[in-house]
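These notes are about the structure you will find just below.
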Amino acid sequence: MKTLDKIPVNKIERAGQLVKTGFKVGGNYIAYYGEKIVNPSLTKEKLNENNAEDIYDGLKNLKGSALKVAQMLSMDKNIMPRAYVEKFSLAQFSVPPLSAPLVRKTFKKYLGMFPEELYDSFTPDSVNAASIGQVHKAAKDGKKLAVKIQYPGVADSISSDLAIVKPFAIKMFNLQGKDSERYFKEVEHKLLEETDYELELRQGVAIAEACSEIVNLKFPKYYPELSSKKIISMDWMEGEHLSEFAAHNEDRAKGDKIGQALWDFYMFQMHQLKQVHADPHPGNFLIDEKGNLIAIDFGCIKHVPEDFYVPYFELAKPEIIDNPVLFLEKLYELEILRHDDTKEEIVYFSQLFHQLLDLFTKPFQREAFDFSDEEFFGEMAQLSEEYSKDSKLRKMNGNRGSKHFLYINRTFFGLYSLLHDLKARIDTENYKKYMKN
């Protein structure tokens, strides 16, 4: 794979790269509509494939938050056409890596030594490259290590990248008015946290210790003395990415076992720790040969404040959802309904969220749930499509819900998707045996 000797870091360079990509996408549309005149039955499938290819090619050389947004979008199979999902999912663990000279320069700057001086052995070529950093193999004192190196300039470019992406996000998600700024600040804050590898190391150590009793769940050991703000050294964990495992696994019992560990891991974090690994894509989980789940990335941890946690999970209870007075009360607490709403908006949004929550919370309302249930995921996809085409929704104020919804909903949609890939049958109450008073 081609390596990168330089990553655009200033706003002008990065905007210029996106403008070039825009011209390519525009050309694709011109070609599509020209061909459509000749062939009226032509679908948008080829157009989507060409656009996804060009957009991904533009983003993969930028790295950072621009590529991270593509990665986030690829996790929700209901938002975008399949061509985009398939192409953008490469951002999870397969993008052009930094060149060896740039890697050595990064080590010298942040640890004061070159990698060959720090480790007994170090592979100059990365084995995994994603949106914010890349991973190299190393060895030290007989231990195999994974060394993650952050791309230069990623943290400095986050604000400018989001400023470029902002107009498209406002249109895509119908964010209206100055109030929308709080959502962008939430994203910016979490992306900046992901570039702080010292914070990631502390989070990884703390969560591994807290979750150590969960069966079939493993974590790498971290090495602070070989880490810095832009470099992390940890144990090399043998295994294949969850998506690769799920693609060939035919052992239903093994899928159930891994899925149960994943569910227990997330429910324990949410209900015991009140913080959660908020980046549940397949590149952050490995499956070893014994069928253990390995969590390997803790850069994105979302803390869940009590005043959000309580009403959020109360809405998973049938006695709340089915009680009109209590249901409306929770919608106001979670900022889904606003005190300046019209009667029409109150009726519309309360009906909309009742329908959404009645479906989305089904796993929480049963002692066991089968995530291979195609009917459940089909209903979710259908509901998403219906509301994406709802002209009435587009005309109303789209700023709905606490800012905490952004990462908590992302977490649950990602979790559901991974469990669906595993075709896992889950005991939804099992995590409670790990809870402490």
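Counting from 1, the numbers follow the sequence of the chain as shown. Atom set for the values below is all heavy atoms of this structure, side chains included, hydrogens, waters and symmetry mates excluded.
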Just say parallel, tilted or perpendicular for the rings of [X] and [Y], cut-offs at 30° and 60°.
X      : Y      : value
Tyr309 : His271 : perpendicular
Phe405 : Tyr312 : tilted
Phe364 : Trp263 : tilted
Phe360 : Phe412 : perpendicular
Phe349 : Phe353 : tilted

Contacts table for residues 199-215: side-chain donor-acceptor under 3.5 angstrom, sequence neighbours left out:
residue, atom, partner, partner atom, Å
Glu200, OE1, Lys148, NZ, 3.2
Glu200, OE2, Lys148, NZ, 2.7
Gln203, NE2, Phe298, O, 2.6
Ser212, OG, Glu209, O, 3.1

NZ/NE/NH1/NH2 to OD/OE distance under 4.0 Å, [X] and [Y]:
X      : Y      : value
Lys144 : Asp235 : no
Glu198 : Lys230 : no
Lys143 : Asp141 : no
Lys218 : Asp288 : yes
Asp264 : Lys257 : no

[X] and [Y]: side chain donor to acceptor below 3.5 Å:
X      : Y      : answer
Glu244 : His248 : no
Asp256 : Gln260 : no
Asp370 : Ser372 : yes

Partners meeting salt bridge (Lys or Arg N to Asp or Glu O under 4.0 Å) with Glu116 (sequence neighbours left out):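 Glu116 satisfies salt bridge (Lys or Arg N to Asp or Glu O under 4.0 Å) with Arg104 only.
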
Thr428 (side chain) donor-acceptor with Arg366 (main chain) under 3.5 angstrom: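 Yes; at least one donor-acceptor contact below 3.5 Å.
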
Flag, side chain of Glu314 to backbone of Lys330, donor-acceptor distance under 3.5 Å: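 Such a contact is absent between Glu314 side chain and Lys330 backbone.
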
Using ring pair (Phe, Tyr, Trp, His ring centres under 6.0 Å) as the criterion, list what pairs up with Phe114, not counting sequence neighbours. none

